[in-house]
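If you're wondering where the values come from, they're calculated on a predicted model, not measured in any experiment. For ligands, and for the atoms within them, numbers begin at 1 and follow the listed sequence. The basis for the numbers below is simple: all heavy atoms, side chains too, and nothing from hydrogens, waters or symmetry mates.
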Amino acid sequence: MVILGINAYHANASAAIVVDGRLVAAVEEERLNRIKYAAGFPAQAIQFCLDRVGAKLKDVDRIAVPRDPWARIGTKLRYALGMPRFALERIQVMRRFAGIREDLAATFQLDPSEIRAQLHRIEHHTAHMASAFFVSPFDRAAILSADGLGDFASSMSAIGEGPKMRVLGEVTFPHSLGMFYTALTQYLGFWKFGDEYKVMGLAAYGQPEYLDEFRYIVRSDGPLSFRLNLRYFTHQTQGPDMSWREADRTPVLGRIFSPYLEKRLGPARQPEEPLTERHRNLAATMQAALEEVLVNYWNGLAAKSGQKALCLAGGVAFNCIANGKIFDLTPFENVYVQPAAGDAGLSVGAAFAVYHQVLGRPREFQMNHAYWGPQFRAEEIRKAVEGIPSSDGVAIEELNEAELCQRTARHIAAGKIVGWFQGAAEWGPRALGHRSILADPRRPEMKDILNRRIKHREIFRPFAPSIVEEAVGDFFEKTHPSPFMTFAYPVRPEKRKEIPAPTHVDGTARLQTVSRRTNSLYWKLIRAFGDLTGVPVVVNTSFNDNEPIVCRPEEALDCFFRTRMDALVMGNLILRRKAAADAGRERPAQFSARQMS
Ligand SMILES: [Fe+2]
């Protein structure tokens, strides 16, 4: 049975394909069309998924979309009566989803009647929860989805058992932890879609001085419930205004904090204004307020479900600082967060919800790695490299796996910045050792160097470490696996001086634990670096420069030449700028196929 999951008409458009209960491929549209957070219809992502299984659209048995226009229809209608703009938006959304078969047919130049697949509309949070629980290692677990808004709800919790999930509670519009975080992110002068990450990084620099005031803005009001004080917000009266520009398919969200919030907390920061201590303290307070509510929710869920395992999904599940505290502040002992926990992951969730929740088929798949995107053969990489003009001044060598790891480790230990392009692209927003830029964690100056030469990010944002899983306990105060960089743990105080580059100002790091079983080459590279330096850790940042993470070899080369990276490893090839090449090892950029073989 072939099930195609599609997250369409929404930011983070994506597609995933599940064959006989096993995920085969998944990718965000942004990786293919090169538009960050691309919204709209994910035509290229669907094509990739079909190609990966060698299927045509007419071979697909079921199509799953993570939106159900009929979910909570009574509540939606009540709001629509008092809010004509919202009613209009709802009608547009319903129209779009009603036309999905036609959009698919038009994209793939078929007659709609040729698409024999049955269409399933899966409620938004059901799809989020399915995206975590049904691919988790747990047979039974508590599940929480929390985000901005989807199908008129902002969170849902459930207990999962085998192929079924049973809902325990939900919080509906306009009360939303995602909206709370986004509103304060805007207030602090960060207006771009996805900027919440930045404010989470900023929070570590401040103190939660405004917590008493923030408890009026958001508060728990029961074991599985929370409330916003709506005086501080506008989305409940004006609609959340979440849309995207048709011209470039970039998602946009209008202002959602109210004048009252400014009256209480002072004027909002303008984007160009410098960040002051007050802004840092407000960011810290926002994070602390979120954590208070989440901890209460998690504990309520633990009590109600009686489970020790927890699955998280929805945008709030990316709050790695909060996630890192679960083990100390709740009874949960095991936590699974899927790598694409946000809305991109809905395509996977909708597909698995159909297979298990709808069709009742048993579970036999676990997502224990994130490498579900496009991959390229050695010949394709070689062809891309052969296109480099000799005037670009790079030395190129082909090495076997052991040499490749040794040489790359030596470069990193020498302070070089290395692009690392291997295997299938990551699913989700984190680079996890297949499309990564790597650097030496021991150098305190490396954060500035990475920012100056490659990433051009705000200086307060931390860089993350990848560590071989066997060494996690030596460096961190927690050892629960974090294969998808969704947890931040305190670095052991005595180790903070050893890995200053990825250790944040509060002493934590958002780590990736790397397993030999699921990413052998990356594990060997970090091990080689450890053998050389005594520190089996590398700084791992995404392979991009203010763009979606590179997907194809040509994009990696483009980023390599555009930025001031020292070396690029793609498959078994290592490219070094001649200035960075070792004396006597330099080779011309032009090379013959014989030299490469
Ligand atoms: Fe969502």
(Q) Looking at K198 and D195, is any side-chain nitrogen of the basic one under 4.0 Å from a carboxylate oxygen of the acidic one? (A) yes
Without placing hydrogens or testing angles, list every side-chain donor-acceptor pair under 3.5 Å for residues 300-310, not counting sequence neighbours.
unit_1: S305; atom_1: OG; unit_2: L301; atom_2: O; d: 2.7
unit_1: S305; atom_1: OG; unit_2: Q307; atom_2: N; d: 3.2
unit_1: Q307; atom_1: NE2; unit_2: S305; atom_2: O; d: 3.3

Name the atoms and distances for all side-chain donor-acceptor pairs under 3.5 Å in residues 287-297, with sequence neighbours left out.
unit_1: Q287; atom_1: OE1; unit_2: Y181; atom_2: OH; d: 2.6
unit_1: Q287; atom_1: OE1; unit_2: N319; atom_2: ND2; d: 3.0
unit_1: Q287; atom_1: NE2; unit_2: E291; atom_2: OE2; d: 2.7
unit_1: Q287; atom_1: NE2; unit_2: N319; atom_2: OD1; d: 2.8
unit_1: E291; atom_1: OE1; unit_2: K325; atom_2: NZ; d: 2.7
unit_1: E291; atom_1: OE2; unit_2: K325; atom_2: NZ; d: 3.3
unit_1: E292; atom_1: OE1; unit_2: R215; atom_2: NE; d: 3.0
unit_1: E292; atom_1: OE2; unit_2: R215; atom_2: NE; d: 3.3
unit_1: E292; atom_1: OE2; unit_2: R215; atom_2: NH2; d: 2.4
unit_1: N296; atom_1: ND2; unit_2: S220; atom_2: OG; d: 3.2
unit_1: N296; atom_1: ND2; unit_2: G222; atom_2: O; d: 3.3
unit_1: Y297; atom_1: OH; unit_2: S157; atom_2: OG; d: 3.3

Q: Tally every protein N/O/S atom whose distance to the Fe ion (ligand 1) is less than 2.8 Å; waters are neither shown nor counted.
A: 4
Q) Between F226 and H175, is the gap from one ring center to the other below 6.0 Å? A) no
Distance-only donor-acceptor pairs under 3.5 Å for side chains of residues 364-371, two or more places apart:
unit_1: H369; atom_1: ND1; unit_2: Y371; atom_2: N; d: 2.9
unit_1: Y371; atom_1: OH; unit_2: L432; atom_2: O; d: 2.6
unit_1: Y371; atom_1: OH; unit_2: N519; atom_2: ND2; d: 2.9

Q | Option from K455, R435, R430 for which side-chain hydrogen bond (donor to acceptor under 3.5 Å, both in side chains) with S542 holds | A | K455
